[in-house]
Structure formats: C-alpha cells, structure tokens
Amino acid sequence: MNGHLEAEEQQDQRPEQELTWSWGHRPRSALDRVKAMAPPPPLPLTPSTPLLHGEFGSYPARGPRFALTLTPQALHIQRLRPSDSAAYFCIYTYPRGRRGGRRRAARTFRADGAATYEENRAEAQRWATALTCLLRGLPLPGDGEITPDLLPRPPRLLLLVNPFGGRGLAWQWCKNHVLPMISEAGLSFNLIQTERHNHARELVQGLSLSEWDGIVTVSGDGLLYEVLNGLLERPDWEEAVKTPVGILPCGSGNALAGAVNQHGGFEPALGIDLLLNCSLLLCRGGSHPLDLLSVTLASGSRCFSFLSVAWGFVSDVDIQSERFRALGSARFTLGTVLGLATLHTYRGRLSYLPATVEPASPAPAHGLPRAKSELTLAPGPAPPVAHSPLHRSVSDLPLPLPQPALTSPGSPEPLPILSLNGGGPELAGDWGGAGDAPLSPDPLLPSPPGSPKAAQLSPITEGASEMPASSGLPPPTPDARVAISAGGPPDHLLPPLGAPLPPGWVTMEGDFVLILAISPSHLGADLVAAPHARFDDGLVHLCWVRGGISRAALLRLFLAMERGSHFSLGCPQLGYAAARAFRLEPLTPRGVLTVDGEQVEYGPLQAQVHPGLGTLLTGPSGCPGREP
Ligand code: ADP
Ligand code: MG
C-alpha cells in the first residue's frame with residue numbers, strides 16, 4: 001500500500017494533490033479496526049461525513065505537509081501547497097573565466113526575511129529596481145522609496161539580423177547569446193531576419209520610428225550602413241537619423257563594434273567575446289552622438305558613411321577577400337598577406353580641409369544646399385504607421401517578449417531582471433531618457449600622434465609602380481551593390497565636385513599605397529587605425545601611405561595597428577591629418593574605392609563630416625581597468 005501511495009504522489013505533480021483511499025467490503029485494515037472500536041455515533045453517519053480532519057507534517061521532516069480527512073468510507077489525503085511566503089530575484093552576470101572568455105552565470109536570491117509574501121515581494125522588487133537603475137544609469141531617490149515605478153517602460157529594440165553575416169553564424173549567435181541576454185535584461189525586442197541585400201534599408205524607410213528606442217543590426221558593418229542610409233532617405237530624415245542605432249558584431253567586418261568595445265572600457269576582443277561585450281553594453285543603455293560622413297561620388301550621387309572611405313591597399317584587400325567570406329574575420333588577414341604579395345601604388349590627389357582651419361568660405365556650396373534644405377525641412381508627414389512592414393518578415397520569435405514578472409508564492413521561478421558585467425556602477429547614458437553623459441571633446445590632433453623621424457627604413461620599391469592593367473582586381477564597374485542616399489543635410493563645406501576648392505584646403509599629389517579616411521577609431525575589430533578618434537569628434541581622420549614603402553614595413557604597420565601603435569613606428573611613408581572635409585581624385589585609371597567596406601563607383605569623390613548627425617547605442621562610457 002505504501003508503495004502505491006508513493007508512486008501516486010510522484011506521478012501527480014499538481015501543487016495540490018488529492019489521494020483517496022476508500023474501503024468497503026475489503027479485508028479489514030487497521031483503520032477499519034479503529035472505526036469498529038469507536039462508540040456508536042448518536043446520528044447515523046453518511047459515508048462522506050468527516051470524522052476527523054487535521055494537517056500533518058511528514059517524516060522525515062523535510063517532506064511535504066498533508067491534510068487528512070477521515071470519513072466512514074475513505075481517508076482523503078491532500079498534499080498541501082507549501083506555505084512559502086518568500087519572493088525571489090535573479091541576477092545574471094557574465095564574468096570572465098580563467099581563459100578570458102565570458103560565461104553567463106545566474107544567481108537567484110530568496111527574499112524570506114518577512115512574514116508575508118507581500119513584504120518579501122516588495123523587498124525583492126526594491127533590490128531588482130535599485131540594481132536595474134544603477135545599471136541603466138537611472139536616478140535613484142536619495143531617501144525616497146525604491147519602487148518599480150522608478151523604471152521607465154522596457155526599452156523596445158528592433159533587431160535586424162543578416163543570417164549570412166560573417167561565416168553565416170549571425171542567426172545562431174543571436175539566438176544563443178544575444179536574445180537570452182537582452183530578454184533577461186528586461187529589454188523588449190522585435191526581430192527580423194533580412195532576406196536580401198538592401199532589405200534593411202527598405203525596412204527602415206517604412207518604419208514607424210516612434211515605436212522603437214533603437215534599431216540594432218546583428219551582422220557586420222554593412223547592415224548598419226544600410227540602416228543609416230535608409231534613415232537618411234526618409235522625408236523626415238532629420239528626425240529619423242536621430243533614432244539610436246546599435247551594432248552587435250556577427251559579421252566578418254566589425255569595425256564599429258571594435259570601437260564600441262573600446263569606448264565601453266573593455267579589453268580588445270573578437271568573435272563571441274566581442275559580441276557579448278557589445279550586448280552587455282547595449283543592455284546597460286546609453287548613447288552617443290555619431291559623426292556621419294556624407295560622400296559625394298563622381299556621378300553626383302551621395303551616400304552616408306559612419307566608418308571609412310578607402311582607396312588602394314585597404315579597399316583592394318576588402319573586396320578581394322570577399323571570396324574568403326567563409327573564414328569570418330580571418331579573411332582580412334589572408335587578404336592582407338595576398339595583398340602584400342601583389343602590392344600596387346596608385347597615383348592620386350588628396351585635398352582636405354584641416355581640422356585646425358575654421359571653415360571659412362562655404363559660399364560656393366551654400367546656394368545649392370539651401371534650396372535642398374528648404375525642400376527637406378518641410379515637416380513631412382510621418383511614414384505610415386499602420387502599414388509597418390514588420391508583419392511580412394517577422395521571425396518566428398514571440399514579439400515582443402513578455403516582460404518578466406515577480407514570482408508568486410509557491411512558484412519560485414526566478415525574476416529575470418538584469419545583466420551585470422562586473423564593472424562598477426559608474427554609468428553615463430541610460431535607457432530611460434534621462435539624457436547622456438556630458439561630452440568631453442578630446443583635444444584635436446591635427447598631426448600624426450607619433451614622430452616620423454625615428455626609424456630609417458629602407459624603401460624597397462619592388463612592384464611599386466603605378467597600378468598596371470593586369471592587377472587582378474575586379475574591373476571598375478559602377479557599383480550596383482551600394483545604393484545612394486538622396487536626403488540628408490547639405491554639404492556646406494564642399495563646392496561641387498570638379499569646382500576649385502576654397503582657400504584653406506591642403507592638396508597633395510603623388511603615389512600612394514593607400515589612402516584611408518576613417519571616422520571612428522577602428523578599421524576592423526582588431527585594427528585601431530585612428531586610436532584617438534571619438535564617435536563625435538567632428539573629424540575625419542585621413543591616413544595615407546605613400547609609395548616606396550617596403551612590404552615588410554607595410555606589414556609592420558598593420559601589425560602595429562592591432563594595438564593602434566603604428567604612428568609611433570616612425571614610418572616615413574605614413575601620413576596623417578585630421579580634417580573636416582576632403583576630396584580624393586584618383587589619377588590611376590583603374591582601382592577600387594570602398595565606402596564602409598562596400599565598393600562604390602571608381603572616380604573622384606569628396607566628403608564632409610556632419611558632426612553628431614546620428615546616434616549610436618554605445619552603452620555607458622567605459623571605466624577602463626575596472627573589469628575583473
Ligand atoms: P559582413 O561583415 O559579414 O560582410 P555585413 O553586415 O557587412 O556582414 O553584410 C554583408 C552584406 O550582406 C551587406 O551588403 C548586406 O546588405 C548584405 N545582406 C544583408 N542581408 C542579406 C541577406 N539576407 N542575403 C544576402 N545579403 C544580405
Ligand atoms: Mg569623427
């Protein structure tokens with residue numbers, strides 16, 4: 001009998017269990033004997049009249065409690081729900097392991113100091129709220145009550161995932177690493193997998209932007225390029241481009257994520273470590289103005305760049321290594337080695353408006369842009385809200401995720417609240433709209449931050465002639481992959497392409513191995529091309545390498561760039577200028593030009609910085625050295 005009872009209890013997992021033993025015309029049990037010995041009742045008993053009722057613990061003592069009801073016919077055994085008045089909260093952390101990689105660790109705490117569930121729940125809520133406020137940089141009242149009302153509604157993110165990003169792992173990484181973290185952090189999200197090139201660009205044009213606190217791309221730099229250009233193509237581009245955008249690195253080129261990682265105070269990282277770092281920063285909230293570069297191409301079309309304009313070695317490697325996409329970021333390493341083997345120089349002219357010069361004579365450009373701005377400044381109607389394209393291509397995930405709720409008594413499911421990264425609570429921006437940390441512009445660095453005098457390298461000019469027709473590079477096709485923005489602010493620093501430049505510009509002509517114009521610090525996740533660059537320094541950082549450099553010296557430059565120390569090598573061919581605008585005129589008839597890693601039409605181009613035009617989700621500014 002006992003064995004049967006236990007089996008029944010194990011099968012039944014309901015919080016309240018009932019088990020009835022009935023007896024009638026069966027062999028007499030001990031209970032029957034008890035009944036038989038009792039004095040006859042004054043009134044006739046119905047079979048269901050309770051004779052006895054009581055609550056009992058079990059033995060050994062840690063077992064459940066039971067309510068027993070004895071009737072003439074049966075013994076009812078009811079397992080009682082534990083009378084647990086505790087509440088719970090959970091802290092998710094991503095500490096670094098011994099090998100440096102992060103691992104998720106969850107700890108659930110049980111608030112059980114008070115007698116009632118309500119009190120314990122309030123205590124758990126206080127802790128969860130206070131921790132969340134500190135992590136997101138939200139103000140806590142000095143002496144007031146800490147209640148969940150202090151938290152604004154959960155931030156809503158639109159995640160755009162390119163399933164082919166990087167080695168095709170973007171979706172898997174997103175599912176396994178990103179989604180758990182952001183839902184545990186209490187952010188809500190909607191996720192769309194892109195279906196084709198320029199899909200993201202079209203999507204953001206039809207979005208009702210007020211519904212989102214951020215648009216986050218989960219891919220390489222290319223997908224964010226689409227998003228920013230899509231925003232600037234909207235009739236309401238001025239508002240639209242302020243939408244905070246974020247990047248979670250799952251591509252082969254993850255330059256901006258490298259810069260975000262550094263800005264967050266983390267050690268340089270690659271792969272999943274970089275992804276986890278950037279996801280942690282995203283969860284903590286905080287944004288930064290982002291400089292955008294408007295690039296006018298030979299055809300007169302314009303696109304917006306957050307990263308780089310490259311010509312020569314950098315763009316050759318970028319485009320040539322496309323075929324090694326399966327290698328992920330290693331494609332650039334292999335591409336660099338191959339590029340060194342077939343090193344070319346290119347003749348060209350680089351002109352720039354130095355950062356130290358106040359933009360003096362913008363007159364030539366004013367006429368055209370004014371007309372344009374009058375056109376675009378008209379408060380155009382917001383894009384249609386009801387016809388959001390989301391429903392068409394929404395992923396199979398629930399949207400948005402249900403928000404975590406406090407647990408109820410007796411069902412001790414943890415309360416998902418937040419992600420910690422082990423850093424201290426010195427926070428800047430926030431997810432709650434309380435504004436960003438004050439910006440502290442760094443001193444401008446108009447000259448290379450290193451002395452070019454130190455080293456004397458022997459320039460070996462093997463193969464450093466002007467680029468031959470048989471370079472092995474793809475022919476300079478007008479590029480079909482990069483569509484062009486029509487909206488956006490006027491370029492008041494630039495005369496029309498082809499017209500003479502205003503006074504104050506510097507021009508140099510010669511043979512170059514590469515010319516690189518970079519906005520943030522990083523050219524790749526592990527390539528710090530402009531170590532002193534900031535997201536909103538209002539500068540474009542021009543770096544060039546003149547012809548005559550040896551392959552060994554060029555390799556040394558790129559190796560040193562991993563730590564951002566290439567300017568201190570003293571390489572005489574390496575040049576640098578901080579600028580607000582530039583013009584690049586290739587004189588070699590064939591070559592590759594890229595904007596943010598995407599090939600564009602080959603020919604003269606010019607560009608100007610639009611300081612802080614965009615908004616980048618960076619997380620709080622870092623406190624280097626604080627990480628465990
Ligand atoms: P990676 O760093 O791996 O190159 P990117 O984010 O730069 O990753 O994306 C590479 C290119 O893939 C971009 O030009 C983007 O427009 C394009 N793309 C985005 N979604 C898709 C898709 N579903 N199929 C094919 N190409 C896509
Ligand atoms: Mg800049």
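The structure presented is a predicted model; accordingly, all values stated were derived computationally and were not measured. Every number for a ligand or one of its atoms is a count from 1 in the order of the listing.
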Give the minimum heavy-atom separation between L223 and T194, together with the two atoms involved.
-> CD1-CG2, 4.0 Å

Heavy-atom contacts with G222 under 4.0 Å: which atoms of ligand 1 show up? List them by number with element.
-> 5 (P), 6 (O), 7 (O)

Please find out if less than 6.0 Å separates the ring center of H532 from that of Y576.
-> yes

Can D526 and H522 be counted as having a side-chain donor-acceptor contact under 3.5 angstrom?
-> no

Would one find an N or O of L223, backbone or side chain, under 3.5 Å from an N or O of ligand 1?
-> yes

Closest heavy-atom contact between N254 and C250?
-> OD1-N, 3.7 Å

Name the option, out of Q599, E226, Q193, that contains the heavy atom nearest to atom 15 (C) of ligand 1.
-> E226

Near G165 (heavy-atom distance under 4.0 Å), the atoms of ligand 1 are 3 (O)

Shortest non-hydrogen separation from G538 to R580 and the atoms involved | O-NH1, 3.5 Å

Hey, are the side chains of V218 and L160 touching, using non-hydrogen atoms and a 4.5 Å cut-off?
-> no

Return a yes/no value for F164: is any of its N or O atoms, backbone included, closer than 3.5 angstrom to an N or O of ligand 1?
-> no

Please state which part of E598 comes within less than 4.0 Å of ligand 1, counting heavy atoms only: side chain, backbone, both or neither.
-> side chain

Heavy-atom side-chain contact between E195 and Q193 under 4.5 Å = no

With heavy atoms only and a cut-off of under 4.0 Å, state how E195 meets ligand 1: side chain, backbone, both or neither.
-> backbone

Polar proximity ligand 1 side, P163 side, N/O cut 3.5 Å exclusive | no

Short list, please: which atoms of ligand 1 are under 4.0 Å from a heavy atom of G253?
-> 2 (O)

Among F558, W544, Y346, F512, which one satisfies ring-ring contact (aromatic ring centres under 6.0 Å, His included) with F313?
-> F558

The option among G597, A525, G524, G220 carrying the non-hydrogen atom nearest to atom 8 (O) of ligand 1 is G220

Distance filter under 4.0 Å to S219 heavy atoms, resulting ligand 1 atoms = 5 (P), 6 (O), 8 (O), 9 (O)

